[in-house]
Novice: 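Before I ask anything, let me first share the structure, which is written out below as structure tokens.
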Amino acid sequence: MEENLRRWRLILGGDSNDGTAFTLNKNDLQVDKTLEALYDSNRKGGLGASSPNVSRWLGDIRSYFPSPVVQVMQKDALKRLDLTSMLLEKEMLQNVEPDVHLVATLMTLSRVIPEKTKDTARQVVKKVVDELLKKLSQPMQQAITGSLNRSIRNRRPRHQEINWDLTIRKNLQHYQPDYKTVIPETLIGYGRKRSALKDVVLCLDQSGSMGTSVVYSGIFGAVMASIPAVQTKMVVFDTAVADLTEALQDPVELLFGVQLGGGTDIHLALQYCQQLITRPADTVLVVITDLFEGGDEAGMRKRFTDLAASGVQVVVLLALNDEGAPSYDHENAQFLAGLGIPVFACTPDKFPDMMAMALSKQDIAQWAAREEIVLKK
């Protein structure tokens with residue numbers, strides 16, 4: 001009962017809101033102050049305008065709360081106290097708990113971050129990128145490589161193309177005891193590994209609402225770029241289009257090359273992507289956007305229609321994050337669904353399997369049903 005009263009006292013904030021009559025100890029009073037600075041409506045902006053105050057507050061919440069709670073409080077502070085400008089200060093960046101939301105904010109501010117702060121900002125972004133790469137690289141590589149290997153297996157490989165492990169296992173019944181060896185009647189190979197077997201174009205809406213989706217897309221793009229069997233291109237757009245393919249080798253540089261914010265011209269982006277596609281039947285185009293077109297909507301629909309008709313495997317992701325589908329254009333989603341183009345929000349843990357399905361030309365709708373993902377119609 002005492003612990004419940006303590007928690008309710010911290011939630012209610014004391015004063016006229018407090019009906020617990022519970023007395024906090026010295027440590028809890030410090031916790032109460034950190035919560036009050038952020039959530040007490042009578043003291044909005046209670047952290048003040050100075051960077052030292054914010055830095056101390058960031059240090060306090062990291063001392064009192066676990067990392068997931070710290071990230072929630074940081075996100076709330078950015079919205080409630082308008083602390084975005086504070087992220088331009090080196091002292092604050094050194095104290096902040098890095099996460100994808102912070103990286104998205106830094107991407108938004110990348111053009112105005114002072115020189116003295118850029119190195120610190122890059123260190124913050126690099127920490128998040130390294131953690132995501134460690135978590136997501138292996139599942140992505142396994143899903144895609146396994147899918148491609150299965151789809152291109154052949155029975156007449158050249159000598160340098162033979163997969164000896166699978167060949168031996170396939171021919172174990174032909175083991176010759178007298179010679180202590182296997183006589184392979186069936187050879188299994190994976191084709192020429194020197195050339196890309198599939199092309200992937202990631203086309204990312206870099207409007208402000210897509211921030212965390214762009215972060216995850218950049219990570220996955222970098223992982224796919226490291227797989228020889230897949231040729232990956234990265235295109236970002238707002239009212240203009242930027243090709244960041246060359247930056248895929250360095251995810252940190254890639255993310256700093258994104259300028260979040262601004263309008264949206266999906267038609268222009270699709271027009272550019274069409275120029276990149278030379279093998280439609282072997283290409284997967286993943287467009288990550290909320291489908292709110294600020295340019296030529298009729299032109300955008302025609303581009304989608306032409307791409308699908310040419311044999312390109314087109315997938316539209318309304319979001320690529322853990323937060324679910326944002327607000328999106330329902331009419332455009334319905335139009336694309338009518339073309340047979342899958343439209344849905346995808347979490348990072350599902351993305352590798354989704355790409356594997358797309359690259360092997362399997363039914364995305366069936367996969368989504370198995371994963372309990374709702375396709376937009």
Novice: Apply the test side-chain contact (heavy atoms from CB on, under 4.5 Å) to residues F237 and L204: give CA-CA distance (whole Å), side-chain angles for both, the deciding distance (0.1 Å), then the verdict.
Specialist: CA-CA 6 Å; F237 67 93; L204 315 179; 5.7 Å; no
Novice: With rounding to the nearest 0.5 angstrom, report the CZ to CE distance, R303 to M300.
Specialist: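 It comes to 12.0 Å.
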Novice: Any non-hydrogen side-chain atom of I219 less than 4.5 Å from a side-chain atom of V129?
Specialist: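 When only atoms from C-beta onward are counted, V129 and I219 do touch, with a gap below 4.5 Å.
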Novice: Could you report the tightest heavy-atom contact between V125 and V252, atom names first, then the distance?
Specialist: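 Where V125 meets V252 most closely, the heavy atoms are CG1-CG1, 4.2 Å.
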Novice: Any donor-acceptor pair under 3.5 Å linking the side chain of N171 with the backbone of H174?
Specialist: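 Not at all, since once roles are kept as given, no pair shorter than 3.5 Å links the two residues.
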Novice: Nearest 0.5 Å please: distance from the CD atom of E331 over to the CG atom of L336.
Specialist: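 Result: 12.0 Å between the selected atoms.
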Novice: Of the non-hydrogen atoms in E293 and I266, which two are nearest, and what is the gap between them?
Specialist: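 E293 and I266 have their closest heavy atoms at OE1-N, 2.8 Å.
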Novice: Any chance you could measure L276, atom CG, to Q231, atom CD, to the nearest 0.5 Å?
Specialist: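 These two atoms lie 9.5 Å from each other.
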Novice: Determine yes or no for a side-chain-to-main-chain donor-acceptor pair under 3.5 angstrom, with N332 supplying the side chain and L291 the backbone.
Specialist: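 At least one qualifying donor-acceptor pair exists.
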Novice: State yes or no: do I341 and F292 share one hydrophobic cluster built from I, L, V, M, F, W and Y residues joined by side-chain heavy-atom distances below 4.5 Å, directly or via other members?
Specialist: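 No, no single cluster joins them.
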Novice: So, D243 and Y272: side-chain donor and acceptor under 3.5 Å apart, yes or no?
Specialist: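 Indeed, the side chains of D243 and Y272 share at least one donor-acceptor pair under 3.5 Å.
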Novice: What's the shortest heavy-atom distance between A308 and V314, and which atoms?
Specialist: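 Distance-wise, the nearest heavy atoms are N-CG2, 4.3 Å.
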Novice: Please check if atom CD in E371 has more than 12 non-hydrogen atoms from other residues, nucleotides or ligands closer than 6.0 Å.
Specialist: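 Yes, CD of E371 has more than 12 neighbouring heavy atoms, counting only those of other groups under 6.0 Å.
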Novice: Taking all atoms of both residues into account, what is the closest heavy-atom pair of A365 and D363, and its distance?
Specialist: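 Taking every non-hydrogen atom into account, N-OD1, 2.8 Å.
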Novice: Hey, what do you get for OG (S213) to CG (L318), rounding to the nearest 0.5 Å?
Specialist: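 So the OG of S213 and the CG of L318 are separated by 9.5 Å.
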Novice: Taking NZ, NE, NH1 and NH2 as the nitrogens, is one of them in K134 or E131 under 4.0 Å from a carboxylate oxygen of the other?
Specialist: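 Looking at E131 together with K134, the answer is no, because their closest N to O distance does not fall below 4.0 Å.
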Novice: Does any non-hydrogen side-chain atom of M354 lie less than 4.5 Å from one of I373?
Specialist: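 I373 vs M354: side chains apart.
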Novice: Would you indicate whether the side-chain heavy atoms of V201 and V284 approach each other to under 4.5 Å?
Specialist: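 When only atoms from C-beta onward are counted, V201 and V284 do not touch, as no gap falls below 4.5 Å.
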Novice: Can you find a heavy atom in the side chain of V316 that is under 4.5 Å from one in the side chain of V286?
Specialist: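 When only atoms from C-beta onward are counted, V286 and V316 do not touch, as no gap falls below 4.5 Å.
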Novice: Rounded to the nearest 0.5 Å, what separates atom NE2 in H267 from atom CZ in R301?
Specialist: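 Going from NE2 on H267 over to CZ on R301, the span is 13.0 Å.
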Novice: Answer yes or no: does atom CD of E246 have more than 12 heavy-atom neighbours from other residues, nucleotides or ligands under 6.0 Å?
Specialist: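 For E246, atom CD is not crowded (no more than 12 foreign heavy atoms under 6.0 Å).
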Novice: Quick one: does S310's side chain have a donor or acceptor within less than 3.5 Å of a partner on P280's backbone?
Specialist: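 Not at all, since once roles are kept as given, no pair shorter than 3.5 Å links the two residues.
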Novice: Evaluate the criterion side-chain contact (heavy atoms from CB on, under 4.5 Å) for residue pair L307 and L270; output intermediate values, then yes/no.
Specialist: CA-CA 9 Å; L307 284 162; L270 294 177; 4.1 Å; yes
Novice: Please examine the side chains of M224 and M355, heavy atoms only from C-beta on, and report whether any two atoms are closer than 4.5 Å.
Specialist: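 Side-chain contact under 4.5 Å: yes.
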Novice: Where is the tightest heavy-atom contact between P342 and L375, given as atom of each residue plus distance?
Specialist: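 Shortest heavy-atom contact: CB-CD2, 4.4 Å.
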Novice: Taking the side chain as everything from C-beta on, heavy atoms only, tell me whether D329 gets closer than 4.5 Å to E297.
Specialist: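 Yes. Closest side-chain heavy atoms under 4.5 Å.
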Novice: With a 4.5 Å heavy-atom cut-off, do V343 and Y328 have their side chains touching?
Specialist: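 No, too far: nothing below the 4.5 Å cut-off.
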Novice: For L285 and Q313, run side-chain contact (heavy atoms from CB on, under 4.5 Å): C-alpha distance rounded to whole Å, both residues' side-chain angles, the deciding distance at 0.1 Å, then the answer.
Specialist: CA-CA 6 Å; L285 171 63; Q313 175 82 335; over 6 Å; no
Novice: Between T264 and T239, is a side-chain contact (heavy atoms from CB on, under 4.5 Å) present by the stated rule, with each step listed?
Specialist: CA-CA 5 Å; T264 307; T239 54; over 6 Å; no
Novice: Should V31 and V72 be regarded as members of a common hydrophobic cluster, given that ILVMFWY residues are connected when their side-chain heavy atoms come within less than 4.5 Å of each other, either directly or indirectly?
Specialist: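 Hydrophobic grouping puts V31 apart from V72.
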Novice: Rounded at 0.5 Å granularity, tell me how far OG1 in T181 sits from OH in Y175.
Specialist: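 Nearest 0.5 Å value for the OG1-OH distance: 7.5 Å.
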Novice: Tell me whether K170 is salt-bridged to E185, with the criterion being a basic N under 4.0 Å from an acidic carboxylate O.
Specialist: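 Looking at E185 together with K170, the answer is no, because their closest N to O distance does not fall below 4.0 Å.
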Novice: Are D130 and K126 close enough for a salt bridge, meaning some N to O gap below 4.0 Å?
Specialist: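 Salt bridge between D130 and K126, a charged N being under 4.0 Å from a carboxylate O: yes.
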Novice: Within a radius of less than 6.0 Å around CD of Q334, do more than 12 heavy atoms belonging to other residues, nucleotides or ligands occur?
Specialist: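 Open.
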Novice: What are the two closest heavy atoms between K350 and W367, and how far apart are they?
Specialist: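 Answer, listing the atom of K350 first, then W367: O-CZ2, 3.6 Å.
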Novice: Thinking salt bridges, do K233 and D199 make one under a 4.0 Å N-O criterion?
Specialist: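 Result for this pair is no, no salt bridge flagged.
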Novice: I'd like to know if L248 and L133 are part of one continuous hydrophobic network [Ile/Leu/Val/Met/Phe/Trp/Tyr, side-chain heavy atoms within less than 4.5 Å].
Specialist: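 L133 clusters together with L248.
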Novice: Do Y64 and V69 come within less than 4.5 Å of each other through their side chains, counting heavy atoms only?
Specialist: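 When only atoms from C-beta onward are counted, V69 and Y64 do not touch, as no gap falls below 4.5 Å.
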